[in-house]
Amino acid sequence: MIRHIVFFTAKDQASIDQIVEGLSVLTSVPYARRLEIARNRKSDQLGNEIDVVVYGEFESETDLAAYKTHDIYQEAIRRVRPLRELRFAADYELSADVYFAGTSG
């Protein structure tokens with residue numbers, strides 16, 4: 001399984017709701033096992049620059065690639081790109097190389 005995490009900062013704080021709305025269309029793309037769009041709670045003691053988070057889980061690289069080329073994904077880019085300042089993305093595969101805390105299993 002691949003986890004896909006993207007962080008966005010808004011050019012203008014008044015645009016955060018529009019960014020969330022623009023990204024929310026992604027939840028209708030069929031390739032994600034799980035997809036969440038959320039405002040950052042900004043409760044971290046060291047930094048709160050991030051405004052919006054996208055979290056997704058995909059069964060394979062093929063599913064993630066299909067998600068990124070889907071027409072709805074392209075629509076989300078069209079809607080959000082003019083409103084955002086920065087975008088940081090990370091993808092990683094859930095495997096034996098991932099360190100876990102908590103219960104094993």
Side-chain angles (χ1 to χ4, degrees):
M1 179 175 59
I2 297 169
R3 290 192 173 151
H4 172 69
I5 305 168
V6 187
F7 299 105
F8 294 88
T9 63
K11 287 181 182 178
D12 179 354
Q13 294 298 297
S15 299
I16 295 174
D17 287 338
Q18 288 177 278
I19 292 171
V20 170
E21 183 180 312
L23 293 171
S24 292
V25 302
L26 295 171
T27 60
S28 63
V29 177
Y31 301 101
R33 178 177 167 189
R34 177 184 189 99
L35 195 71
E36 301 171 357
I37 315 298
R39 292 176 73 109
N40 183 14
R41 292 180 55 221
K42 297 191 177 192
S43 58
D44 187 76
Q45 63 186 7
L46 300 177
N48 289 299
E49 293 81 12
I50 302 302
D51 296 308
V52 180
V53 179
V54 174
Y55 171 81
E57 295 177 356
F58 297 83
E59 290 297 329
S60 66
E61 282 285 343
T62 303
D63 287 346
L64 179 57
Y67 163 80
K68 290 180 178 181
T69 59
H70 196 278
D71 289 342
I72 294 171
Y73 184 89
Q74 300 306 314
E75 173 64 16
I77 290 172
R78 186 191 67 73
R79 292 172 67 177
V80 172
R81 183 175 278 156
L83 304 172
R84 69 162 170 87
E85 183 71 32
L86 298 173
R87 177 189 179 274
F88 300 98
D91 300 316
Y92 65 93
E93 191 163 345
L94 194 60
S95 66
D97 296 331
V98 174
Y99 295 91
F100 290 96
T103 59
S104 63

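In what follows, residues are counted from 1 in the order of the sequence shown.
Counting only distance, with no hydrogens or angles, the side chain of Glu36 and the backbone of Thr27 share no donor-acceptor pair below 3.5 Å. Not one N or O on the side chain of Asp12 forms a donor-acceptor pair closer than 3.5 Å with the backbone of Ser15. Between the Asn48 side chain and the Ser43 main chain, a donor and an acceptor come within less than 3.5 Å of each other. A side-chain donor-acceptor contact under 3.5 Å links Thr9 to the backbone of Leu86.
Atom CG of Asp51 is separated from atom CZ of Arg84 by 12.5 Å, given to the nearest 0.5 angstrom. Separating the CG atom in Asp91 from the CD atom in Glu61 is a distance of 7.0 Å, to the nearest 0.5 Å. Atom CD of Glu59 and atom CE of Met1 lie 7.0 Å apart (nearest 0.5 Å). To the nearest 0.5 angstrom, His4 atom NE2 is 7.5 Å from Leu35 atom CG.
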*For Arg39 and Asp17, what are the C-alpha separation, side-chain angles and deciding distance, and is it a side chain to side chain contact (heavy atoms under 4.5 Å, CB included)?*
CA-CA 9 Å; Arg39 292 176 73 109; Asp17 287 338; 2.4 Å; yes
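Partners of Tyr92 by ring-ring contact (aromatic ring centres under 6.0 Å, His included), not counting sequence neighbours: none found.
Leu23 pairs in a side chain to side chain contact (heavy atoms under 4.5 Å, CB included) with only one of the listed residues (Val20, Ile19, Val25), which is Ile19.
Annotation: side chain of Lys68 is in contact with side chain of Leu64 (closest heavy-atom distance under 4.5 Å). A 4.5 Å side-chain heavy-atom check between Glu21 and Arg79 finds at least one atom pair inside the cut-off. Considering only heavy atoms from C-beta on, Phe8 comes within 4.5 Å of Val54 through its side chain.
Contact record, Leu26 with Ala76: CD2-CB, 3.7 Å, taken as the closest heavy-atom pair. Contact record, Ser24 with Ile37: CA-CG1, 4.0 Å, taken as the closest heavy-atom pair. For Ala10 against Ile16, the heavy-atom pair with the smallest separation is CB-CG1, 3.9 Å. The nearest pair of heavy atoms linking Lys42 to Ile50 is CE-O, 3.3 Å. Scanning all heavy atoms of the two residues, the minimum distance from Ser28 to Ile72 falls at OG-CD1, 3.4 Å. Summarising the geometry of Arg78 relative to Pro82, their closest heavy-atom pair is O-CD, 3.4 Å, with the distance given to 0.1 Å.
Residues Val6 and Leu83 are members of one and the same hydrophobic cluster, defined by side-chain heavy-atom contacts under 4.5 angstrom among Ile, Leu, Val, Met, Phe, Trp and Tyr. Cluster annotation: Ile2 is not connected to Val98 through the hydrophobic network of ILVMFWY side chains, with a link wherever side-chain heavy atoms come within less than 4.5 Å.
Residues in residues 17-64 take part in these ring pair (Phe, Tyr, Trp, His ring centres under 6.0 Å) pairs, two or more places apart or across chains: Phe58-Tyr67.
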